[in-house]
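What you are looking at is a predicted structure, and each value in this text was computed from that prediction instead of being measured. Sequence lines set the chain letters: A, B, ... in the order given, protein chains first and strands last, and positions in each chain run from 1.
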Amino acid sequence: MNSLIFRSIIKIVSPILMLFSVYLLLRGHQLPGGGFIAGLMTSAGLVLIYLAYGCERFDWRHRSRFFYFLFTSGLTISFLTGLAGLFWGGFFLKSGFAHVHMPLINEDWEFASAAVFDFGVYLVVCGVCVSLMTMLGEEE
Amino acid sequence: MTSILTIVFFPFVASLLILALSPVLNKVNMGKKLGTVVAFVPFICLSFILSLLPQLKTGPPATFHIPWVKSYGIELSFLVDGLSVLFGILISGIGLLVVIYSIWYLSEKEDKVKFYLYLMMFMGAMLGVVFSNNLFGMFTFWELTSISSFLLIGFWYHKEESRYGAMKALVITGLGGIAMLAGFIVLYQITDTFDVTKILTMGDVIKSSHLYVPALILIFLGCATKSAQFPFHIWLPNAMEAPTPVSAYLHSATMVKAGIFLVARLSPAFSGTAFWTGLVGGIGLITMLVGGVMAIKQTDLKALLAYSTISQLGMIMAMLGFGTQYSGEAAIVHIMNHAAFKAALFMIVGIIDHGCGTRDLTYVGNLRKEMPHSFKIAFIGCLSMAGLPIFGGFISKEMFYESTLHVPFAPIPYLIPTVAVFASLFTFAYSFKFLIWGFFYKAPEHPPHHPHEAPVLGLFSPVFLALMVVLLGLAPSLFSHSLLEPAAMAVTGKTAELHLALWHGVNTPLVMSFFTVILGVVLFMRLKKINLFQEGISNAVPWLSPNFVYNKGFLEGVPPLTQRCLWWFQSGYLRHYLMAIFSFLMISTLYFSLSKGWVLRLDTLLKTEVTLAQVATLVLLACAALATILFKNRISAILSLGMTGFLVAFLYVLMGAPDLALTQYLVEAVSVILILLVFYFVPPYFEEKPTKNTKAMNIAVSVLVGVVMTFYMLMVMDSHLVSSIASYYLETSEKLAGGRNVVNVVIVDYRGFDTMFEICVFSIAILGIYAMLRLKKKAKAVQEEVPVK
């Protein structure tokens, strides 16, 4: 898999994939996308980098701690969103949203508590997939 | 109503604080400081509860609630009435005395942080039980008391007996707790509410319901296990392995009264039927008798007190079971008396244990010279326990006798009073065994240490309790008006007026007391012979004891059984699990759709439009699926499996579901790569040859899955059968959640809880894989270390 062509393509494609995944995450509440899809897309990007470069460029093993941290923090964020709902909304995971008018671009933007929850989902999916990959890859 | 929140949650906050500070606390040598600080917790609770006293007489019971699961009527709600305040005072008051006592009792090397952590947790849980106004809240606190009791019994976990006792207590009270939960749910079927105050007003509905008997039996199972009623009493003697302050607190004064409390709490709604009297009163009397008979043969003072507690609990239970107004009042009075004298006696046993190095009557005796103060306290406590005049125990014993004379639904006249007197003989005998053998008779052997008296700090609590015992006898009116009457009112449901006095003139109870004393003295004189006889019986027929059932039946019978069950369905082969899951799913699906009377209607199906692109994709999909099972090479099989996934995703695109398609594509891409990584570890070709039977099984299950799913999908397409919820989401997603992407809104807003658990499962899965890979690595390392011979 570590042919020159593949590596060159990955160099260009993976940043685009990452950016696109963030785009998917942010627009999730309104248009196709969301935390789960975005998390999968980010991990797909990372998996591609792994396939192309293996352990040369990144020392994945040393980064694995970071990936464990990712999914635990994702879980924490989601849970805290739930607790926030309990405190302000009356019950666990109660969601809320507000439309805020953005001055310069003259558009209504929607801010939802669910987006924070979704971000937690994103971190968990991403963290789990990549941790899994590094764990299995480590064995080789 | 902030005071009630303080009362219940302050101990929990305190235990959390102890937990949080434990790294610091463990390092410093704190001596007696921690206990002194902790003593303020029960003190504050006690003062808050005492401040509730004046409102008991004036107003109706106050309630206070915080919603929890609204849709099921589950909430955290609290009720302040006479009964809860009485128990609250017992819990926090004796809690305070026990903490003070424990400052002296616990030696330097004990893990005090853990001790006070568990103790405060228990206190909070117990206060929660008695103040709860919602059955679910009560159940939660109830289970917490079981758990903290387990931790406290096993406090000296390095001892085998402690672990055995802790386990036994948890198993028995835990099983009872589950039965009680089932009982609460049955009760909910009748009353449609979990609210205690509402349930108490629905007594007629409950008693006339056909579910009355099952509900009562199940709830009573919980109460009987917790309050150590026959035949579940066997855990209490083993629980005596706990440190003595714990025994004094949990296993005599408070936790074991939780069952009594619940029976008392629910008695306005449940009592007054023959079944109630037979069950609660009958079990109570049997327990009283069995506890007494067992108590007189003990030589370990703590075991003697444990069995005497069982007997006394049985007596209180019996009074509640009789179900008359008078017996309810008597029960309340005795709860108070028993808590006072029994806690004092336990503390004395702790002092004896400390002073002599043992508490066994074969080594301990004639202590009245060496321990003069302890002797006085034991004297007061024992006489009160035996039911002799001028002490509180006499008043409640008289009331008990009086109530046995008027038991409704009594099968044979004079039977119950006779049993009561007979059981009381043993009470008299074990009380005097404690007193006379411990403080007058010379023991056959010498104790390990020369006996010495405890310092003031250790004596403070028992002296205070002994004082209460005397006050309860000489001036009961101090307590009766403000505290006991409201409590009795909560139990009987009627306004109570207590006229407690030592002297009521010559009447039947006094005659019964007189007989008890005379015959009790005779029994006490013959005690050694009777003990030998008892020894003979228990050696000849060991299976008579419920302990035999627990040890042989439960401990030796259940684990192998569960292991066999586990091995049967946890074979360790993924294919077996998949087969079980799929066949169950298919059979239940089939059952569901058949029971609903669903049929496949061809006419609507034929109208469905199918495009050429869809058909082509489906054909490719079928080919890829077939290829997956036919390939001999694993890599090819995985790739063609991925192919089916991509084709399904393409079908989603054709049908206009971009979200699903996107997810499916990404899932397939990532999972194919991950599976390829996994398959690095397995041989590249399918090598094992399945037997004919396995093959036939596999084919049968896959055909079943294919057929059932096809028909099910086709039936679901027929919109007559199920009403779609899609329109609800489409209409409300923007209004309620502010998002237009319905799929995502469902995931993060409507069904956020599901998603929460999904990501939890995800994380748990990764932890499992991590552990598995790590273990494999370790096993490898171990193998390499061991030299091959």
Quiz item: Counting a contact as any heavy-atom pair under 4.5 Å apart, which residues of residues 649-657 of chain B contact chain A?
Solution: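 Those residues of residues 649-657 of chain B which would need a heavy atom under 4.5 Å from chain A do not exist here.
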Quiz item: Do any of residues 659-669 of chain B come closer than 4.5 Å to chain A, heavy atom to heavy atom, and if so which ones, in number order?
Solution: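 So far as heavy atoms go, B:Asp659, B:Leu662, B:Thr663, B:Leu666, B:Val667 are the residues that approach chain A to under 4.5 Å.
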Self-check item: Counterpart residues, side chain to side chain donor-acceptor pair (under 3.5 Å), relative to B:Tyr188 (two or more places apart)
Solution: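 Expected list: none.
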Practice problem: Indicate yes or no for a side-chain donor-acceptor contact from A:Gln30 to the backbone of B:Arg740 under 3.5 Å, with no hydrogens or angles considered. | Solution: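 The answer is yes, because a donor-acceptor pair under 3.5 Å joins these two groups.
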Quiz prompt | Nearest-0.5 Å distance that lies between atom CG in A:Leu75 and atom CD1 in B:Ile759 | solution =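 So the CG of A:Leu75 and the CD1 of B:Ile759 are separated by 5.0 Å.
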Self-check item: Reported SG-to-CD1 distance for the pair A:Cys129 and B:Ile766, which is rounded to 0.5 angstrom
Solution: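 Going from the SG atom of A:Cys129 to the CD1 atom of B:Ile766 covers 8.0 Å.
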Quiz prompt | Full working for side chain to side chain contact (heavy atoms under 4.5 Å, CB included) between A:Leu31 and B:Asn741 | solution = CA-CA 5 Å; A:Leu31 293 160; B:Asn741 177 10; 5.6 Å; no
Quiz item: How close do A:Val124 and B:Ser763 get, heavy atom to heavy atom, and via which atoms?
Solution: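 Heavy atoms only, the tightest pair is CG1-OG, 3.7 Å.
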Quiz item: Which pair of non-hydrogen atoms, one from A:Gly35 and one from B:Asn744, has the smallest distance, and what is that distance?
Solution: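 Closest heavy-atom pair between A:Gly35 and B:Asn744: N-ND2, 4.3 Å.
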Quiz item: What parts of residues 21-29 of chain A touch chain B if we use heavy atoms and a cut-off under 4.5 Å?
Solution: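 Result: A:Leu24, A:Gly28, A:His29.
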Quiz item: Hey, are the side chains of A:Phe71 and B:Leu767 touching, using non-hydrogen atoms and a 4.5 Å cut-off?
Solution: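 The answer is yes, as the side chains (C-beta and beyond) meet within the 4.5 Å cut-off.
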Quiz item: For A:Phe79, does the CZ atom sit with more than 12 other heavy atoms under 6.0 Å from it, leaving out its own atoms?
Solution: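 No, the 6.0 Å shell around CZ holds no more than 12 heavy atoms from other groups.
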Exercise. Under 4.5 Å heavy-atom distance to chain A, tell me which part of B:Ile673 shows up: side chain, backbone, both or neither.
Key: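 Interface part for B:Ile673: side chain.
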Exercise. Below 4.5 Å from any heavy atom of chain A, which atoms of B:Val670 appear? Answer side chain, backbone, both or neither.
Key: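 B:Val670 touches chain A through side-chain heavy atoms alone.
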Practice problem: Report the option among A:Gly82, A:Gly120, A:Gly33, A:Gly74 that has the most heavy-atom pairs separated by less than 4.5 Å from atoms of chain B. | Solution: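 The residue among A:Gly82, A:Gly120, A:Gly33, A:Gly74 with the greatest pair count is A:Gly33.
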Quiz prompt | Trace of the side chain to side chain contact (heavy atoms under 4.5 Å, CB included) decision for A:Phe117 with B:Met756 | solution = CA-CA 9 Å; A:Phe117 180 77; B:Met756 183 86 224; 4.0 Å; yes
